[in-house]
Amino acid sequence: MGTVMKVDNQPYVVIYTQQVHMGRGGSILRFKIKNLVTGIVLEKTFKGTDKAEEADLERGKASYLYKDENAAYFMNTQTYEQFDLGLDVSAEKVGYLKEGVEVDVLYFEDRPVSIDIPKKIVLQVTDTVDGARGDTAQGKVLKPAVVETGLTVNVPLFVKQGDLIRINTETNDYLERVSE
């Protein structure tokens, strides 16, 4: 899993594999693959004689600039060239990014197709409700908070507007309050 292959001139990453043994013959491999450009997930079956072409991928670094209603814009930190990725590909990741954050970029045939963001990121809380005394009687109680990028995260009752918090970008979970 994690292997990248080329199918119909598009890069796909393998997210699940299963080997099935046939009664008298050989075996087949079933793959669940995700298109790195469109995000579409497909199931493919390969017989023993089928071959998959390895996708030619390159990695690089870029700095997040801004987003609009259609795309997110980045600048390559080596060449200073600007490029955009459609929000259909990057929307859930861009919600964690503020201007200047460095991301890893995956290039397919010299074209950026995907980004990887840091696993933990620090953002400022811009809006949240105050917790009332006695709300902790049931144990761990969370409340919604909006951070500076517009993303909503569930946080403990003691987090206030203006606090800096660390968020796990893979699970959208609050990790800790950060002092400046």
Side-chain angles (χ1 to χ4, degrees), residues 1-2 4 10-15 33-41 55-132 135-136 139-180:
M1 294 193 259
V4 181
Q10 292 285 315
Y12 285 85
V13 64
V14 176
I15 55 177
I33 54 178
K34 180 178 180 182
N35 189 311
L36 290 174
V37 177
T38 63
I40 294 173
V41 176
D56 183 28
L57 296 173
E58 295 178 25
R59 295 193 181 274
K61 298 274 188 195
S63 182
Y64 175 71
L65 299 174
Y66 65 96
K67 74 172 183 170
D68 60 21
E69 60 275 349
N70 300 322
Y73 298 87
F74 300 87
M75 180 179 63
N76 184 311
T77 57
Q78 300 292 320
T79 64
Y80 301 107
E81 291 179 13
Q82 292 185 15
F83 63 90
D84 63 273
L85 284 176
L87 289 181
D88 55 332
V89 175
S90 62
E92 73 273 355
K93 295 177 182 178
V94 171
Y96 295 100
L97 300 179
K98 59 183 178 180
E99 184 178 333
V101 172
E102 193 169 275
V103 298
D104 293 322
V105 182
L106 195 60
Y107 292 90
F108 174 68
E109 296 177 350
D110 297 324
R111 192 177 87 236
V113 294
S114 177
I115 60 167
D116 285 327
I117 62 175
K119 296 202 184 322
K120 297 175 183 174
I121 198 149
V122 175
L123 295 171
Q124 185 175 27
V125 175
T126 58
D127 187 37
T128 190
V129 295
D130 289 333
D135 279 350
T136 59
K140 185 176 180 182
V141 179
L142 301 175
K143 64 180 180 178
V146 178
V147 295
E148 61 190 292
T149 62
L151 185 73
T152 301
V153 179
N154 287 324
V155 299
L157 293 176
F158 61 80
V159 174
K160 301 181 298 291
Q161 185 172 331
D163 285 351
L164 293 175
I165 59 172
R166 190 175 322 274
I167 302 168
N168 181 329
T169 60
E170 294 176 332
T171 62
N172 196 40
D173 289 337
Y174 164 87
L175 295 173
E176 63 185 346
R177 188 165 46 176
V178 178
S179 59
E180 295 180 44

Point to revise | Approximate separation, where rounding is to 0.5 Å, of M75 CE and E102 CD | key: 10.0 Å
Exercise for review: Using the salt bridge (Lys or Arg N to Asp or Glu O under 4.0 Å) rule, take D104 and K61 through it: C-alpha gap first, then chi angles, then the decisive distance, then the call.
Suggested key: CA-CA 5 Å; D104 293 322; K61 298 274 188 195; 2.6 Å; yes
Give a yes or no answer on whether the side chain of [X] reaches the backbone of [Y] with a donor-acceptor pair at less than 3.5 Å.
X: T169; Y: K119; answer: yes
X: T128; Y: Q161; answer: no
X: Q124; Y: G162; answer: yes
X: T152; Y: V146; answer: no

Review point. Checking side-chain contact (heavy atoms from CB on, under 4.5 Å) for the pair K98/E148: CA distance, chi angles, key distance, verdict?
Key: CA-CA 8 Å; K98 59 183 178 180; E148 61 190 292; 3.5 Å; yes
Exercise for review: Check step by step if side-chain contact (heavy atoms from CB on, under 4.5 Å) holds for I117 and Y64.
Suggested key: CA-CA 10 Å; I117 62 175; Y64 175 71; over 6 Å; no
Exercise for review: Would you please say whether a donor-acceptor pair under 3.5 Å links the side chains of Y96 and N172?
Suggested key: yes
Point to revise | Pair D84-Y73, side-chain donor/acceptor within less than 3.5 Å | key: no
Practice item. Any chance you could lay out the side-chain contact (heavy atoms from CB on, under 4.5 Å) test for I33 and V13, step after step, and finish with the verdict? Key: CA-CA 5 Å; I33 54 178; V13 64; over 6 Å; no
Of the non-hydrogen atoms in [X] and [Y], which two are nearest, and what is the gap between them?
X: V129; Y: K143; answer: O-NZ, 2.7 Å
X: F158; Y: D163; answer: O-OD2, 4.1 Å
X: P112; Y: V105; answer: CB-CG1, 3.8 Å
X: V4; Y: P11; answer: CG1-CB, 4.5 Å
X: Y107; Y: R59; answer: CD1-C, 4.4 Å
X: F74; Y: L97; answer: CE2-CD1, 4.1 Å

Exercise for review: Please say which of V122, I121, L65, T149 ends up in a side chain to side chain contact (heavy atoms under 4.5 Å, CB included) with V101.
Suggested key: I121
Check your understanding: For the side chain to side chain contact (heavy atoms under 4.5 Å, CB included) test, which of I165, L123, L164 pairs with V178?
Key -> L164
